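For reference, the structure discussed in these notes is given below.
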There are 2 protein chains.
Amino acid sequence: MELAEAKQKFIEAWGKLGSEWGINRTMAQVHALLLVTPEALTTEEIMESLSISRGNANMTLRDLMGWGLVEKQHKPGERKEYFYADKDTWNIARQVAKERRKRELDPVIKILDELSKVQGDVSDPAYNTFNRTVTDINKLAKNVDKTLDTMLKAEESWFWGSIVKIFK
Amino acid sequence: MELAEAKQKFIEAWGKLGSEWGINRTMAQVHALLLVTPEALTTEEIMESLSISRGNANMTLRDLMGWGLVEKQHKPGERKEYFYADKDTWNIARQVAKERRKRELDPVIKILDELSKVQGDVSDPAYNTFNRTVTDINKLAKNVDKTLDTMLKAEESWFWGSIVKIFK
DNA sequence: TTGAACTTTCAAAATATATTGAAAGTTTAT
DNA sequence: ATAAACTTTCAATATATTTTGAAAGTTCAA
């Protein structure tokens, strides 16, 4: 397989996986492109390479920076902005986990906390089922939250070392 | 807060979380409804309760059964089908992890394996960056895969006990 | 200042995804 | 064999999301 073809396949696969996990396909593709490119790219080059419009490229790059996955670079003596992706897989995973926790998990936990407090008739099965389900999910969510918290602070080697020890 | 209102909020929150994670909003809502309902419900009742059409309810229930989250029940002497959701949070989490692994992670690993094999000029930075990125992601993906595999076989208490020990 | 080089915005258009509902299909009791 | 009770299908429709591209905005060198 040619390198060019392989890059293409990687970008496609990453885009598909992203869209299955609630991440805009284009955003995942731009990220993939930057991941397999050694040097920083301009908006122009990204547009060209993925056949997307200027507006789309601009918004997507802004989002990627918001996720902490891509950063702007300025080359001395040039007006153009260059974009570069961190290529450390562990950093990427941490960054994504961090953002999704903040944006999605935390708000849900807040709601579950509220719903756990709802009072009702203990002899009512409808109430009992509701209460048990909500408090159980709340517990799980908080466990995940705490686990992520520790993971985000951890060093890669330490983390995988520990995981491997447990799951053996 | 009233129980009815609380149920409503739970269904909404679950639907939103689902859609953020690539799961059809209605599917998540039907699941949520069944989770907070002690007894099994008919298609009719679900349609009514969530204001969705018969076709939508039917397809969604079929999908939920495909995910192993909901099952049909038959009441003796009745023609109607009743639908019931397993309420064990750990089972739900395992089931979702299992299905997503099969449907999304495994296919990606297959592609990454192929792409890892691509040969190229070692003095070419484009090739080096591609190769390093792909093999790194492949390693991460396989670690996740292996971890899920073990987790899926694990008992709840054992699992959380271990996790708590490590992340302490 | 001016204008060239570049970036950002956002309403409109395109695309993708989800939903409807009526017709077709199936099952079962009689 | 019939028909009532129920389930499934799927083309048409509706909704949600993504993308475009041209215009407006910004920056900077001369």
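Because the structure is a prediction, the values reported are computed rather than measured.
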*So, the side chain of A/Lys87 versus the backbone of A/Ala85: is there a donor-acceptor pair under 3.5 Å, distance only?*
yes
Whole-Å distance, A/Met47 CE to D/dT20 P, equals 9 Å
Note to self: If you compare every side-chain N and O of A/Asn58 against the phosphate oxygens of C/dT8 (OP1, OP2), does one of them come in below 4.0 Å?
What the structure shows: yes
| message | Any side-chain N or O of A/Thr26 below 4.0 angstrom from OP1/OP2 of D/dT19? | response | yes
Does B/Ser51 reach a base, just sugar-phosphate, or nothing at all? Heavy atoms under 4.0 Å.
sugar-phosphate
B/Glu78 atom CD is separated from D/dA4 atom C1', nearest whole Å, by 15 Å
For this session: Treat each ILVMFWY residue as a node, draw an edge where side-chain heavy atoms are under 4.5 Å apart, and state whether A/Leu64 and A/Tyr84 are in one component.
Result: no
Checking C/dT20, D/dT19, D/dT7 against the side chain of A/Asn56 (C-beta onward), the nearest is D/dT19
A/Glu48 atom CD is separated from D/dT20 atom C1', nearest whole Å, by 17 Å
Separation of D/dT19 atom C1' from A/Ile52 atom CD1, nearest Å, is 9 Å
Do any N or O atoms of the protein come closer than 3.5 Å to N or O atoms of nucleotides 24-28 of chain C, and which pairs are they?
| residue | atom | partner | partner atom | Å |
| --- | --- | --- | --- | --- |
| C/dT27 | O2 | B/Arg79 | NH2 | 2.8 |

From the candidates D/dG21, C/dT8, D/dT18, the one with an atom nearest any side-chain atom of A/Lys72 is C/dT8
Grouping I, L, V, M, F, W and Y whenever their side-chain heavy atoms are under 4.5 Å apart, do B/Leu112 and B/Val144 come out in a common cluster? no
B/Lys16 NZ to D/dT17 C1', in whole Å, measures 16 Å
Which of B/Leu41, B/Asn56, B/Ile46 passes side-chain contact (heavy atoms from CB on, under 4.5 Å) with B/Leu61? It is B/Ile46
Under a plain distance cut-off of 3.5 Å, with no hydrogens placed, do A/Trp67 and A/Gln95 share a side-chain donor-acceptor pair? no
Whole-Å distance, A/Glu44 CD to C/dT8 P, equals 13 Å
Taken to the nearest whole Å, NE2/A/His74 to P/C/dA5 is 18 Å
Between A/Tyr82 and B/Gly55, the residue closer to the 5' end of DNA chain C by nearest nucleotide is A/Tyr82
Residue pair B/Arg54/B/Arg25 against DNA chain C: nearer the 5' end by closest nucleotide is B/Arg25
When rounded to the nearest 0.5 Å, the distance separating NZ of B/Lys98 from CG of B/Leu105 is 15.0 Å
**OP:** Return no unless some side-chain N or O of B/Arg62 is found under 4.0 Å from OP1 or OP2 of D/dT9.
**Re:** yes
B/Asp63 CG to D/dT8 P, in whole Å, measures 12 Å
Result for side-chain contact (heavy atoms from CB on, under 4.5 Å) between A/Phe10 and one of B/Ile137, B/Ile111, B/Val118 points to B/Ile137
